[in-house]
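Okay, structure first, notes after.
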Amino acid sequence: MPELPEVETIVRDLRPDVVGSTLGRATVHRPNVLRNISKARLVRDLRGCRAVEFSRRAKNIVMRFASGDRLIIQLRMTGSLKVAHGRLNRDDRAYLVFQVQLGAGRTFLFKDVRRLGTVQLMDPESWQEFESRIGPEPLAAEFNSVVFAKRFESTRMAIKKALMDQSKLAGVGNIYANEALFLAGIDPARPANSLSRTEYQALCRTTRKVLRDGISSRGTTLKDYRTGKGTKGSFQTRLKVYGRGGEPCTKCGATLVTTHEIDSRATTACWRCQT
Ligand SMILES: [Zn+2]
């Protein structure tokens, strides 16, 4: 599932084609991806909207219009976005769930093999309500370890599960949570309220580091994820623990162990380095 670095990469890749466009005809190929809006209404409401911003909030892709309304796309498991120039080819049409014309022969495409992704249109009020339920952005300039610790220090939830809770912190999922905890030397199963201030400082630093490194590697492609240019990311070659259960720890050589006991997701850790 695309996390912050993957969604950020897609948004950056497509932004130049999206911003400034006035939307033409939209086509909903799979109406079951729509949330809180009918197909007819979405098609009607999008026509003529001018896109003034294309950005990311947590793992959501946000196309903001001059009207203040926003088109929100969640990619979930297998969703991908692309802007096609000229006529759509057979590959463009495969698994297409939604498309909208951007003008100048360009078409914005949302493809999704498993169709678990979603599309919704929000007015400013709905957006504000939606956005207020999401935690702070870890890469924002004003974010720091004090803000970070405050989000977690009163919960007994396992720190790994807490890191992935979007209402506490935006954008971190299973891959980057595993990596950040390894780099900080913290046992993923520890209750969040048991971490010291120093441990929160370390975890804040490593969380931001893995997310930034993930972006500079254009994301992690294990299977489905593709950038906005249709290419694979490369952070999978830099993973220290995720997907490496049974292999030696890069710090101490002990065998990395994978468990599903913390949050039923795969957690891989070095039980010698992570205490
Ligand atoms: Zn180790």
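No hydrogens, no waters, no symmetry mates; every other heavy atom, side chains included, goes into these values. Just follow the structure's listing: the first ligand is 1, and inside any ligand the first atom is 1.
Applying the ring-ring contact (aromatic ring centres under 6.0 Å, His included) criterion to Y95, with sequence neighbours excluded, gives no partner residue.
Between F235 and Y176, the angle of the ring planes stays under 30°, which puts this pair in the parallel group of the 30/60° scheme.
Nearest heavy-atom pair across F54 and R15 is O-NE, 2.8 Å.
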Would you list the atom pairs, donor with acceptor, under 3.5 Å between side chains in residues 250-261 and any protein atom, with sequence neighbours excluded?
{"from": "K251", "atom 1": "NZ", "to": "F182", "atom 2": "O", "distance (Å)": "3.0"}
{"from": "T258", "atom 1": "OG1", "to": "T268", "atom 2": "OG1", "distance (Å)": "2.8"}
{"from": "T259", "atom 1": "OG1", "to": "E261", "atom 2": "N", "distance (Å)": "2.9"}

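Note on E6 versus R218: no salt bridge recorded, every NZ/NE/NH1/NH2 to OD/OE distance being 4.0 Å or above.
Take a cut-off of 2.8 Å around the Zn ion (ligand 1): the protein N, O or S atoms inside it are C249 SG, C252 SG, C270 SG, C273 SG.
Within the structure, salt bridge (Lys or Arg N to Asp or Glu O under 4.0 Å) contacts touching residues 236-250 (residues at least two apart or in different chains) are D213-R238, R244-E247.
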